[in-house]
Number of protein chains: 2
Amino acid sequence: MLNDPMVLTPISDAPQAEPEKRVRDRGATEKAILNAAKALLAEEGFQNFGINAVARKTGCDKQLIYRYYGGLNGLVDAIGADLGTWVKDRIPEDTGGMFLLTYGDLMERLSLLFLQALRDDPLMRRIVAWEVSENTEQVRRLSEARSKALANWLERMRGSLTPPKGVDAVAVNAILIAAIQHIVLSASAGGQCAGLALKTPKDWEKAETALKRIVRGVYG
Amino acid sequence: MLNDPMVLTPISDAPQAEPEKRVRDRGATEKAILNAAKALLAEEGFQNFGINAVARKTGCDKQLIYRYYGGLNGLVDAIGADLGTWVKDRIPEDTGGMFLLTYGDLMERLSLLFLQALRDDPLMRRIVAWEVSENTEQVRRLSEARSKALANWLERMRGSLTPPKGVDAVAVNAILIAAIQHIVLSASAGGQCAGLALKTPKDWEKAETALKRIVRGVYG
DNA sequence: TTTATTTGTCACTCATCGGTGAGTAACAAC
DNA sequence: GTTGTTACTCACCGATGAGTGACAAATAAA
């Protein structure tokens, strides 16, 4: 008898702006939470990433995040699981009509593809920034998923091409990838990196030219 | 009469571990706050960097931070002011007994010096991580101070050497610096970067060798 | 229909944050 | 001493964070 909901209905008989037929569908809710989390991370970064913010963005109660994902950690894991498909979705597999005859051809192409893909994907940028900013269990798992996907992609694209003799390709490529990631992060955060402006397309052309030159310098 | 402090003294008559003759000295307190802030930033990163944390670390009331520095922004500015001297303190000016005959000689040397300096300075690492993670007024000021100091150092060390014709040295150097910064940040956060382990001295030798090769590749 | 389970909401605790106003303790000038 | 200034502390505010237990409502099972 107490708190009989019927006595409250007249209160809201004003024309509701959003009736929002929220169907009861766990699957849909889970997806909504995941998408909201990814969007939130992409837009706001990891600073304001938390249970409350995700729930707010999803438009549901945070309790559901605990129930369905076991808290923020589980949710981050779910994001990580999605990440495996990132490279596949984001980076073209074809060679853009080029014939990649040498390892240098390959790495030049891959560098530019990776640069572009990262520039185009705010979520991935946020994750990379997160990776270098703290070292928690959450980040570690995300990071692992990302690095694995990236390594697979590199390996797959490599085909039968081999790096020049006497060059530690793993180390060199790590540095190249580091450079690309940091350039993109810097640009995204402050529009420049070490005195090099990175705003206009022309700026980026300069950066790409320099990157190509560097790649060609090591790999010929 | 109310709240007479004398009635409370018996509570803390246990042997105090730190009597800490805190003399009343504004200058010393200001320094203590600044040092605590820098230490806190270096140790914990920017995540937990705030008024309360700094005050706790300093062992004083946060009110003093407002009074002496006008809040966290002013404190960050003070840290930034210190930063100008970083390069001078941290990176040796001499050439390590080498004769730097070419621009390639120079950049190889500078790259390794910068790498080492960054590896050795946790505060600077945190700041770099901060720079690529958010874009607030605080960070922008810190970032500016750092980048200015770095540019000055580069210019000073360059002397009369000039880059090879046809190479956009600004862009190339930006990428090199980006690579170094990211490599160090990655190592610091996760002990590896893009599949390259970065823990043991041997790991770092590999990275340095690769870096040298890259520098020589562009600059000869 | 009655019952049980799933789905979602609400209301709360506890901790910590940035920020502020008012008060206390030391020291200098008189 | 008394007075006034400076250095410093304390106690509180509102907001927001993570996390939890209880309850309402829709749906499925009986």
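Bear in mind that the values here come from a model prediction, so they are computed numbers and not experimental data. Labels below follow one simple rule: chain letters A, B, ... track the order of the sequence lines, proteins then strands, and each chain is numbered from 1.
In terms of phosphate contacts, Y68(B) brings a side-chain nitrogen or oxygen within less than 4.0 Å of OP1 or OP2 of dC8(D). Applying the 4.0 Å criterion to OP1 and OP2 of dG17(D), one finds that R56(A) has a side-chain N or O inside that range. Distances shown here put a side-chain N or O of T29(B) below 4.0 Å from the OP1 or OP2 atom of dC8(D).
Within the structure, salt bridge (charged side-chain N to carboxylate O under 4.0 Å, His left out) contacts touching residues 43-54 of chain A (residues at least two apart or in different chains) are E43(A)-K57(A). Residue pairs meeting the salt bridge (charged side-chain N to carboxylate O under 4.0 Å, His left out) criterion with at least one partner in residues 185-212 of chain B, sequence neighbours excluded, are absent.
Below 30°, between 30° and 60°, or above 60°: for F46(B) and F46(A) the angle between ring planes is between 30° and 60°, a tilted geometry.
Residues forming a side chain to side chain donor-acceptor pair (under 3.5 Å) with N152(A) (at least two apart in sequence, or on another chain): none. Listed by chain and number, the residues in a salt bridge (Lys or Arg N to Asp or Glu O under 4.0 Å) with R213(B) amount to none (sequence neighbours excluded).
Per the geometry, OH belonging to Y69(B) stands 17 Å off P belonging to dG18(C), to the nearest Å. Regarding L75(A), its CG atom lies at a distance of 12 Å from the P atom of dA18(D), rounded to whole Å. Atom CD in Q63(A) sits roughly 13 Å away from atom P in dT7(C) (whole-Å rounding). At whole-Å resolution of the value, CZ in R67(B) and C1' in dC10(D) are 12 Å apart. For the pair R26(A) CZ and dT6(C) P, the computed distance is 9 Å after rounding to whole Å. Y66(A) places its OH atom 18 Å from the P atom of dC10(C), with the value rounded to the nearest Å. At whole-Å resolution of the value, CG in D61(B) and P in dT9(D) are 6 Å apart. In this structure, NZ of K62(A) is placed 13 Å from P of dT16(D), rounded to the nearest angstrom.
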For a quick test of your reading: what N or O donor-acceptor pairs under 3.5 Å do the side chains of residues 169-179 of chain B make, sequence neighbours left out?
| residue | atom | partner | partner atom | Å |
| --- | --- | --- | --- | --- |
| N173(B) | OD1 | Y219(B) | OH | 2.8 |
| N173(B) | ND2 | Y103(B) | OH | 3.1 |
| N173(B) | ND2 | A169(B) | O | 3.2 |

Which donor-acceptor pairs under 3.5 Å do the side chains of residues 185-194 of chain B make with protein atoms, sequence neighbours left out?
| residue | atom | partner | partner atom | Å |
| --- | --- | --- | --- | --- |
| S186(B) | OG | H182(B) | O | 3.2 |
| S188(B) | OG | R125(B) | NE | 3.1 |
| Q192(B) | OE1 | G195(B) | N | 3.3 |

Name the atoms and distances for all side-chain donor-acceptor pairs under 3.5 Å in residues 68-82 of chain A, with sequence neighbours left out.
| residue | atom | partner | partner atom | Å |
| --- | --- | --- | --- | --- |
| Y69(A) | OH | E30(A) | O | 2.8 |
| N73(A) | OD1 | Q138(A) | NE2 | 3.0 |
| D77(A) | OD1 | R141(A) | NH1 | 3.1 |
| D77(A) | OD2 | R141(A) | NH1 | 2.4 |
| D82(A) | OD2 | K38(A) | NZ | 2.8 |

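Annotation for D120(A) and P122(A): closest pair O-CD, 3.4 Å, computed over non-hydrogen atoms.
In the region residues 33-54 of chain B, proximity to DNA chain C at under 4.0 angstrom, judged on heavy atoms, holds for G50(B), I51(B), N52(B).
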Would you tabulate the nitrogen or oxygen pairs shorter than 3.5 Å linking the protein to nucleotides 26-30 of chain C?
| residue | atom | partner | partner atom | Å |
| --- | --- | --- | --- | --- |
| dA26(C) | O4' | R24(B) | NE | 3.2 |

